[in-house]
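Let me begin by presenting the structure, written as structure tokens, before commenting on it.
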Amino acid sequence: MFSFETNKIAGAILGSLLLAMGLGVIGQMIFSHPALKTPGFNLPALAEGGESGGAPAAEAVASLPERLAKADVKRGESLTKACQACHSFEKGGAAKVGPPLFGVVGRPKDSIAGFGYSDAMKAKGGAWTFDDLDHFIASPKGFISGTKMGFAGEPDPQKRADIIAYLRTLSDSPVPLPAPGK
Ligand code: HEC
């Protein structure tokens, strides 16, 4: 018959079973998922008539004129701390690792006399338009493969616009901003 010992063992087994069941219930409470309404993944929607013919809508970027129109010059100035190790920004500033950037907007590329520009920069030619600056600051080597500007790039489109809006002010007669909506 059931001895005191057997009772204890049965009790222990029952106890562990209850514990296991309890853990199972709690586990389900923690890890259960709400039922999916429609099975499958949500794929990013395609941009309608996007410039690059179907970039994901989530990455749609406002045009540079639009970004410049709402740019924050002060924020741009503080963002150029990342550039100051290599560039001076004041009028008459000297070359450092990179050429001085006062008046860079609208100025021809590689135009600082005596600065040792890379061959890639010399080959690029043309003036520093807002657009070119946007591409160059986004990815220096992506825009001018072979540039010796050792800066990884600023991926945030609005931050780039802020920087460019600040660069634009570094001039005695700033180049007019491009009209938004163009
Ligand atoms: C590690 C140093 C370094 C940093 C950081 C750096 N640059 Fe430069 N930058 C250079 C060098 C070197 C060149 C010359 C590139 C060449 O000749 O290929 C250059 C060239 C440029 C030019 C072209 C100037 C001209 O006279 O044609 C622009 C514009 C420019 N940098 C903007 C920036 C901005 C804006 C930042 C910060 C967001 C920045 N750079 C950060 C080193 C740097």
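Numbering of ligands and ligand atoms starts at 1, following listing order.
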Open item on the list: With heavy-atom distances below 4.0 Å as the criterion, list the atoms of ligand 1 near F115.
Closed with: 14 (C)

- [ ] Would you check if L133 and V105 make a side-chain contact, meaning some heavy-atom pair closer than 4.5 Å?
- [x] yes

Open item on the list: Under 4.0 Å, heavy-atom basis, I'd like to know which part of T80 is in contact with ligand 1: side chain, backbone, both or neither.
Closed with: neither

Open item on the list: Closer than 3.5 angstrom, by distance alone: can the side chain of R67 be matched with the main-chain N or O of A62 as a donor-acceptor pair?
Closed with: yes

Open item on the list: Tell me the contacting part of I144 for ligand 1: side chain, backbone, both, or neither, using a 4.0 Å heavy-atom threshold, strictly below.
Closed with: neither

TODO: Please report the shortest heavy-atom distance between R107 and P100, naming the atom on each side.
DONE: NH2-O, 2.8 Å

TODO: Look at atom 22 (C) of ligand 1 and say which protein heavy atom is nearest, naming residue and atom and giving the distance to 0.1 Å.
DONE: F136 CE2, 3.6 Å

- [ ] Provide the number and element of each atom of ligand 1 under 4.0 Å from a heavy atom of A82.
- [x] 5 (C)

Task: Nearest heavy-atom neighbours spanning Y166 and V73 - done: CB-O, 3.7 Å

Task: Audit row: E77, T169, side chain to side chain contact (heavy atoms under 4.5 Å, CB included) steps and yes/no - done: CA-CA 10 Å; E77 178 173 10; T169 65; over 6 Å; no

Open item on the list: Which residues end up grouped with I9 if you chain together Ile, Leu, Val, Met, Phe, Trp and Tyr wherever their side-chain heavy atoms are less than 4.5 Å apart?
Closed with: I13, L17

Task: Nearest protein heavy atom with distance in Å, relative to atom 27 (O) of ligand 1 - done: W128 NE1, 2.7 Å

TODO: Taking only heavy atoms of G150 into account, list the atoms of ligand 1 that are under 4.0 Å away from them.
DONE: 1 (C)

TODO: Please collect all side chain to side chain donor-acceptor pair (under 3.5 Å) contacts where either partner lies in residues 137-160, sequence neighbours excluded, each pair once.
DONE: D134-R160, Q158-D162

- [ ] Say whether K122 and ligand 1 are in contact under the criterion: heavy-atom distance to a ligand atom below 4.0 Å.
- [x] no

Open item on the list: Checking the N or O distance criterion of under 3.5 Å, is ligand 1 in contact with S111?
Closed with: no

Task: Subset of ligand 1 atoms that lie under 4.0 Å from at least one heavy atom of L133 - done: 29 (C)

Open item on the list: Do L68 and P178 make a side-chain contact, defined as non-hydrogen atoms from C-beta onward lying under 4.5 Å apart?
Closed with: yes

TODO: Taking only heavy atoms of V97 into account, list the atoms of ligand 1 that are under 4.0 Å away from them.
DONE: 12 (C)

- [ ] Around atom 8 (Fe) of ligand 1, list the protein N/O/S atoms within a radius below 2.8 Å, excluding water molecules.
- [x] H87 NE2, M149 SD

- [ ] Starting from atom 18 (O) of ligand 1, find the nearest protein heavy-atom neighbour and note its residue, name and distance.
- [x] S118 OG, 2.5 Å

TODO: Please could you name the atoms of ligand 1 that K109 approaches to less than 4.0 Å, counting only its heavy atoms?
DONE: 27 (O)

Task: Pairs satisfying side chain to side chain donor-acceptor pair (under 3.5 Å), at least one member in residues 78-98, at least two apart - done: K91-D172

Open item on the list: Rounded at 0.5 Å granularity, tell me how far CG in L14 sits from CG in N7.
Closed with: 11.0 Å

Task: Nearest non-hydrogen protein atom, atom 26 (O) of ligand 1 - done: Y117 OH, 2.5 Å

TODO: Number the atoms of ligand 1 from 1 as they appear, then name those within less than 4.0 Å of a heavy atom of T147, with their elements.
DONE: 15 (C), 16 (C), 18 (O)

TODO: Kindly indicate, with the supporting measurements, whether the criterion side chain to side chain contact (heavy atoms under 4.5 Å, CB included) is fulfilled by F89 and L167.
DONE: CA-CA 8 Å; F89 291 88; L167 290 178; 3.6 Å; yes

Task: Nearest-0.5 Å distance that lies between atom CD1 in I164 and atom CG in L79 - done: 11.5 Å

Open item on the list: Tell me whether K124 forms a cation-pi arrangement with Y117, defined as NZ or CZ under 6.0 Å from the six-membered ring centre and within 45 degrees of its axis.
Closed with: no

Open item on the list: For the backbone of V175 and the side chain of R168, can you confirm whether one donor and one acceptor N or O come within less than 3.5 Å of each other?
Closed with: yes

Task: Part of E154 within contact of ligand 1 (heavy atoms, under 4.0 Å) - done: neither

